[in-house]
Engineer: 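Structure provided below as structure tokens; questions to follow.
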Amino acid sequence: MLLSKLLLPTLKDAPKEAEVISHKLMLRAGLVRKVASGIYTWLPLGLKVLRKIENIVREEMDASGAQEVLMPMVQPKELWNETNRWEKMGPELLRIKDRHERDFCLGPTHEEVITDLIRNNVKSYKELPLNIYQIQTKFRDEVRPRYGVMRGREFLMKDSYSFNIDEACLQSTYLTMRNTYKNILERIGLDYKIVAADSGAIGGDASEEFHVLAETGEDTIAISSESEFAINTELLLKEGEDISSLEGKPSPDGKGTIQIKKGIEVGHIFKLGKVYAEDMKANVLNNEGKASTLHMGCYGVGVSRLVAAAIEQNNDDKGIIWPHSISPFDINIIAIGYEKDQQIAEASLKLYKDLQEMGYDVLLDDRKDGYGTKMKDSELIGVPLNIVIGKQYIETNEVELKSRSGDSSLNDISNLKTILDFFK
RNA sequence: CGGGGUAUAGCGCAGUCUGGUAGCGCACUCGCUUUGGGAGCGAGUGGUCGUAAGUUCGAAUCUUACUACCCCGACCA
């Protein structure tokens, strides 16, 4: 991509509406723009990041044996009446009417729709287990949207629903999803914890959340300094404990001491059991030929929230520092004097094309600006590797490799292999 | 929904107390000079001052109502 053609409205000053660092940087780096409270347009650069995360999620879900579908965002009241959630849910369920005065809602989640699909189309235990997912825009009319896309009203989510013949089978799928979520977060490259969580009003007997650790997290979690033990302090509050007093105490599992941390919930896995299947009469015939209520699980990943979470965990005073896995570009070629110097222009374009042919996602800064402006923007948008081509190239045929993390070195422009050792 | 705050050009802000017809920095346009850390000079574009009503000869400024947005809380698969 030529930067001169890219819609990339970077800002020196963050709009005052932004409070947390990820929100400020997402606005400054030209990733998103607000349309209304909690509702955002994703600009080209932001969308590239969103798609990269989405693709990692998709690949790992497919690898786990799950199947992708796409359900509607608009859902009829009748389905929600079956589980009584039309009544139970508060105003966060945005209700609308069509031209015939029929009631619909904007989907905040899809248990009803997916359960309806499965009960109508799956009749035998032989077709199970099934794990069906989608990556789709959700709408929840939050009481108070905040922190940009971190807690938006409209947001992108991967939600999946498993249908199992019994508890043991559900347990197996649950563990597969647990492992899949670990793979996703490790591939993206985030520091996270799996925490025991409140299973909430939805019922069910097991629930774990995946939290990206960050100061601005909305949840408070207690973790062990040495083991995997981690728990959402919402659970402790119910028992009336004072959270701050836990700091430094021995971990309940006997390993290490308790530390109190802030976390951003980016994933949640749930064993629903038979709750929805019973309400909606979702049965299959078991191996004895008798109707058997399905056991369900549901598993969510906040895709758009992950963008913000990744920034919260990876930034400095200059801007975003993308993990390479989700960076909008792999390489930014900073061409100094692109407009004036034929040699620079030709060499930059050749390098650009060569790197593209090697499979890299390359940005070429061909704008009429100086080194400072181009570097500042590159650092703001967080591209992992810059290749500076300027007077050094004219003199010695060398370009400077400058990583976002601060390393730099000079290399002959023809030596692309050396250049790309950076990514090993 | 309770508490607090903000609203003036794309972004950041001044002007409001003390009413006189809107300004600064950045960005943007044109020209020339620049080009390895957000360049310089010159000339420009862009605002029904959140909305509505009121007071007044005159309102960004005073009064009232409303709206939007942000923060804290409550809420949240």
Side-chain angles (χ1 to χ4, degrees), chain A residues 8-20 23-24 27-28 30 33-39 83 85 88-93 107-112 114 138 140-148 150-153 155 157-161 197-204 206-210 216 218-219 232 234 265-273 275-276 296-302 305 318-319 334-341 344 365-380 386-395 398-400 402 408 410:
Chain A
L8 180 64
T10 57
L11 301 170
K12 280 188 188 178
D13 302 306
K16 63 185 169 194
E17 70 194 32
E19 187 78 5
V20 300
H23 190 193
K24 286 181 181 170
L27 292 169
R28 287 190 54 210
R33 285 293 182 266
K34 185 176 69 183
V35 174
S37 183
I39 299 175
T83 56
R85 288 166 108 192
K88 276 188 206 161
M89 293 198 73
E92 66 272 15
L93 183 67
T109 180
H110 283 69
E111 280 85 3
E112 284 80 0
I114 190 71
K138 294 281 187 281
R140 295 180 188 174
D141 200 359
E142 295 280 350
V143 180
R144 183 151 87 85
R146 65 187 110 175
Y147 307 151
M150 187 93 82
R151 186 174 205 78
R153 292 193 288 174
F155 57 98
M157 182 177 185
K158 186 286 298 178
D159 49 324
S160 49
Y161 307 87
D198 186 353
S199 51
I202 201 159
S207 162
E208 287 171 297
E209 295 169 346
F210 289 70
T216 48
E218 292 188 76
D219 290 275
N232 194 315
E234 283 175 2
E265 182 192 345
V266 296
H268 200 158
I269 56 177
F270 249 95
K271 281 200 256 177
L272 293 173
V275 187
Y276 292 100
M296 290 174 61
C298 71
Y299 320 92
V301 170
R305 182 179 281 181
K318 293 173 179 166
I334 308 264
I336 303 165
Y338 184 92
E339 288 224 341
K340 281 282 173 63
D341 193 316
I344 295 286
D365 194 340
D366 59 336
R367 295 176 301 177
K368 197 184 174 177
D369 295 285
Y371 177 77
T373 302
K374 293 186 178 191
M375 275 310 298
K376 289 286 184 193
D377 270 346
S378 190
E379 284 161 343
L380 177 62
N386 294 291
I387 300 180
V388 185
I389 172 163
K391 67 184 178 201
Q392 193 79 36
Y393 169 73
I394 304 293
E395 289 163 9
E398 286 175 316
V399 292
E400 183 188 3
K402 210 168 152 90
S408 81
L410 288 175

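What you see below is based on every heavy atom in this structure, not just the backbone, and it leaves out hydrogens, waters and symmetry mates. A, B, ... follow the sequence lines: proteins, then strands. Residue 1 opens every chain.
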Engineer: Would you indicate, yes or no, if B/C70 has its OP1 or OP2 atom less than 4.0 angstrom from a side-chain nitrogen or oxygen of A/S37?
Structural biologist: yes
Engineer: Does a nitrogen or oxygen in the side chain of A/Y147 sit under 4.0 Å from OP1 or OP2 of B/C72?
Structural biologist: yes
Engineer: Could you go over nucleotides 24-28 of chain B and give all protein N or O partners under 3.5 Å, atom names and distances?
Structural biologist:
none

Engineer: I'd like to know if A/E379 reaches the base of B/G37 with its side chain such that a donor and an acceptor end up less than 3.5 angstrom apart.
Structural biologist: yes
Engineer: To the nearest Å, give me how far apart NZ (A/K376) and P (B/G37) are.
Structural biologist: 11 Å
Engineer: Specify the separation, in whole Å, of atom NE2 of A/H23 and atom C1' of B/C69.
Structural biologist: 11 Å
Engineer: Measure from CD on A/E19 to P on B/G5 and round the result to the nearest Å.
Structural biologist: 16 Å
Engineer: Can you tell me the distance, in whole Å, between the CG atom of A/D365 and the C1' atom of B/U35?
Structural biologist: 12 Å
Engineer: Write down the partner of B/C41 under the Watson-Crick or G-U wobble criteria, each distance required to be under 3.5 Å.
Structural biologist: B/G31
Engineer: Under 4.0 Å, heavy atoms only, any strand: does A/M296 hit a base, just the sugar-phosphate, or nothing?
Structural biologist: nothing
Engineer: Suppose we screen for side-chain hydrogen bond (donor to acceptor under 3.5 Å, both in side chains). Which residues come up paired with A/D141, at least two apart in sequence or across chains?
Structural biologist: A/R153
Engineer: Name the nucleic acid region contacted by A/K24, choosing base, sugar-phosphate or nothing; use a 4.0 angstrom heavy-atom cut-off, strictly under.
Structural biologist: nothing
Engineer: Is there a donor and acceptor pair closer than 3.5 Å between the side chain of A/K318 and the base of B/G38?
Structural biologist: no
Engineer: Using a cut-off of 4.0 Å on non-hydrogen atoms, how would the nucleic acid contact of A/E17 be classed: base, sugar-phosphate, or nothing?
Structural biologist: sugar-phosphate
Engineer: At 4.0 Å (heavy atoms only), tell me whether A/D341 reaches a base, stays on the sugar-phosphate, or touches nothing.
Structural biologist: nothing
Engineer: NA contact type, A/K368, heavy-atom cut-off 4.0 Å: base, sugar-phosphate, or nothing?
Structural biologist: base
Engineer: Does a side-chain N or O from A/R144 land closer than 4.0 Å to OP1 or OP2 of B/C72, or not?
Structural biologist: yes
Engineer: Using a heavy-atom cut-off of under 4.0 Å over every strand shown, decide if A/A18 touches base, sugar-phosphate, or nothing.
Structural biologist: nothing
Engineer: CG of A/D369 versus C1' of B/A39: gap in Å, rounded?
Structural biologist: 10 Å
Engineer: Once you round it to whole Å, what is the distance between C1' of B/U35 and OH of A/Y371?
Structural biologist: 13 Å
Engineer: Pairing check on B/C69: which nucleotide meets the Watson-Crick or G-U wobble criteria with it, both distances under 3.5 Å?
Structural biologist: B/G5
Engineer: Measure CD/A/E142 against C1'/B/G73 and give the value in whole Å, please.
Structural biologist: 15 Å
Engineer: Partners of A/E265 by side-chain hydrogen bond (donor to acceptor under 3.5 Å, both in side chains), sequence neighbours excluded?
Structural biologist: A/H268
Engineer: Calculate, to the nearest 0.5 Å, the distance between atoms OH and CD belonging to A/Y147 and A/E218 respectively.
Structural biologist: 6.0 Å
Engineer: Searching all strands shown, indicate the nucleotide that pairs with B/C57 (Watson-Crick or G-U wobble; both distances under 3.5 Å).
Structural biologist: B/G20
Engineer: Between atom CD in A/E218 and atom P in B/C72, what is the gap in whole Å?
Structural biologist: 9 Å
Engineer: By the 4.0 Å heavy-atom rule, please label A/K16 as base, sugar-phosphate, or nothing.
Structural biologist: sugar-phosphate
